[in-house]
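Numbers here are sequence positions counted from 1.
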Amino acid sequence: LITDKDADSVIVEQYRRLAGILHHAQVERGVKVVMLASAQTAEGKTLTAVNLSLTLSQSYKRNVLLIDADLRRPSIGKVFGLPPASGLSECLKSSELQALRITHVSDSLGVLPAGSADSDPMSGLTSGRMQEIIEQAAAGFDWVIIDTPPVGLLTDAHLLAAMVDAAVLVIDAGTTQHTVIQRAIENIGRAKIVGVVLNRVESQALEEA
């Protein structure tokens with residue numbers, strides 16, 4: 001995490017640059033709700049979502065809500081050391097819209113955990129209830145960052161993408177194949193993507209570039 005005392009200053013600065021891009025998009029286009037997506041599992045999407053949320057809340061002094069919508073493999077609660085709690089999954093299954101079950105990890109950063117894991121979350125994540133939850137969150141926060149399932153597992157990614165203002169695609173450098181990335185871009189919609197995070201780049205490769 002960028003809040004660790006031994007966090008690499010270069011990495012911290014890159015997150016500030018990403019937050020700056022989103023801040024500009026908010027000023028220019030009113031962007032507020034952003035989904036963090038990846039083509040496949042284990043590309044660093046969740047850590048990127050967490051660090052981006054921390055950067056927006058700390059460096060930009062904005063009120064941020066981080067939503068764990070990766071209901072198959074929820075992990076944001078574990079990153080912050082939060083005890084198991086109900087969250088998005090229960091909100092989606094509720095018969096009526098209710099207050100969001102937010103845990104505040106700082107004065108300016110709230111977390112809506114995934115709640116109970118769901119092996120088949122697609123119908124909930126692409127439902128009208130999900131749209132209502134996003135609208136409810138956007139009404140109370142300056143930024144809403146949503147950690148979503150990998151696009152390769154989200155067959156209706158375009159339906160979820162339609163509910164947000166923008167998307168950031170996280171790619172594992174040197175591992176994710178071009179065809180998989182291209183398919184992810186098509187599923188999300190190129191116009192929705194405001195940035196790409198190339199993760200786990202070898203420092204030597206950067207020096208040679």
Novice: Tell me if a side-chain donor or acceptor on Gln26 pairs with a main-chain N or O of Val31 at a distance below 3.5 Å.
Specialist: yes

Novice: Quick check: is Val197 connected to Ile21 through a chain of hydrophobic side chains (ILVMFWY, heavy atoms under 4.5 Å apart)?
Specialist: no

Novice: My understanding is that only residues two or more places apart in sequence, or in another chain, count here; which of them pass side-chain contact (heavy atoms from CB on, under 4.5 Å) with Ser123?
Specialist: none

Novice: Run through the side-chain heavy atoms of Ile, Leu, Val, Met, Phe, Trp and Tyr, join any pair under 4.5 Å, and report what else lands in Ile133's cluster.
Specialist: Val33, Met35, Leu65, Ile67, Leu71, Leu88, Leu92, Leu97, Leu100, Ile102, Leu112, Met122, Leu125, Met130, Ile134, Phe141, Val144, Ile146, Leu154, Leu160, Met163, Val164

Novice: At what distance, to the nearest 0.5 angstrom, does CD1 of Ile76 lie from CG of Asp68?
Specialist: 4.0 Å

Novice: Are the side chain of Gln131 and the backbone of Ser127 linked by a donor-acceptor contact shorter than 3.5 Å?
Specialist: no

Novice: Which heavy atom of Arg129 sits nearest a heavy atom of Ser94, and at what distance?
Specialist: NH1-O, 2.7 Å

Novice: Could you pull out all donor-acceptor pairs under 3.5 Å where a side-chain atom in residues 3-18 meets a protein atom, sequence neighbours excluded?
Specialist:
residue : atom : partner : partner atom : Å
Asp4    : OD2  : Leu1    : N            : 3.3
Asp8    : OD1  : Val10   : N            : 2.8

Novice: What distance separates Ser86 OG from Lys93 NZ, expressed to the nearest 0.5 Å?
Specialist: 11.5 Å

Novice: Tell me the closest heavy-atom pair linking Ala37 and Val151, and the distance in Å.
Specialist: CB-CG2, 3.9 Å

Novice: Can you get from Leu22 to Ile193 by hopping between Ile, Leu, Val, Met, Phe, Trp and Tyr side chains that sit under 4.5 Å apart?
Specialist: no

Novice: Quick one: closest heavy-atom pair of Ser106 and Leu109, and the distance?
Specialist: OG-N, 3.1 Å

Novice: Any chain of hydrophobic side-chain contacts (each under 4.5 Å) joining Ile145 to Leu47?
Specialist: yes

Novice: Tell me, yes or no, whether the heavy-atom count around His104 atom NE2, taken from other residues, nucleotides or ligands under 6.0 Å, exceeds 12.
Specialist: yes

Novice: To the nearest 0.5 Å, how far apart are CD in Glu90 and CD in Gln98?
Specialist: 9.0 Å

Novice: Applying salt bridge (charged side-chain N to carboxylate O under 4.0 Å, His left out) as the test, list every pair that has at least one member in residues 162-175; sequence neighbours left out.
Specialist: Asp172-Arg200

Novice: Count I, L, V, M, F, W, Y as connected when their side-chain heavy atoms are under 4.5 Å apart, and connections chain through other members. Are Val168 and Val50 then in the same cluster?
Specialist: yes

Novice: Under 3.5 Å, side chain of Thr55 to main-chain N/O of Asn51, donor-acceptor pair present?
Specialist: yes

Novice: With a cut-off of 3.5 Å and sequence neighbours excluded, list every side-chain donor-acceptor pair involving residues 181-189.
Specialist:
residue : atom : partner : partner atom : Å
Asn187  : ND2  : Arg183  : O            : 3.3

Novice: Measuring from atom CG of Leu66 to atom OG1 of Thr103, what distance do you get when rounded to the nearest 0.5 angstrom?
Specialist: 11.0 Å

Novice: Where is the tightest heavy-atom contact between Ser57 and Leu54, given as atom of each residue plus distance?
Specialist: OG-O, 3.0 Å

Novice: Please tell me whether Gln58 and Ser108 have a donor and an acceptor in their side chains that are separated by less than 3.5 angstrom.
Specialist: no

Novice: Any side-chain to backbone donor/acceptor pair from Asn63 onto Asp142? Under 3.5 Å, distance only.
Specialist: no

Novice: Looking only at the side chains, is there a donor atom on one of Asp147 and Thr46 sitting less than 3.5 Å from an acceptor on the other?
Specialist: yes

Novice: Would you name the heavy atoms of Thr41 and Pro150 that are closest together and state the gap between them?
Specialist: CG2-CG, 3.7 Å

Novice: Nearest heavy-atom pair of Phe80 and Val111: which atoms, and what distance?
Specialist: CE1-CG2, 3.9 Å

Novice: At what distance, to the nearest 0.5 angstrom, does CD of Gln177 lie from CD1 of Ile171?
Specialist: 13.0 Å

Novice: So, taking the atom named CH2 in Trp143 and the one named NZ in Lys32, what distance separates them when rounded to the nearest 0.5 Å?
Specialist: 9.5 Å

Novice: Sorted by first residue and then second, give each side chain to side chain donor-acceptor pair (under 3.5 Å) pair with at least one member in residues 70-82; sequence neighbours left out.
Specialist: Lys45-Asp70

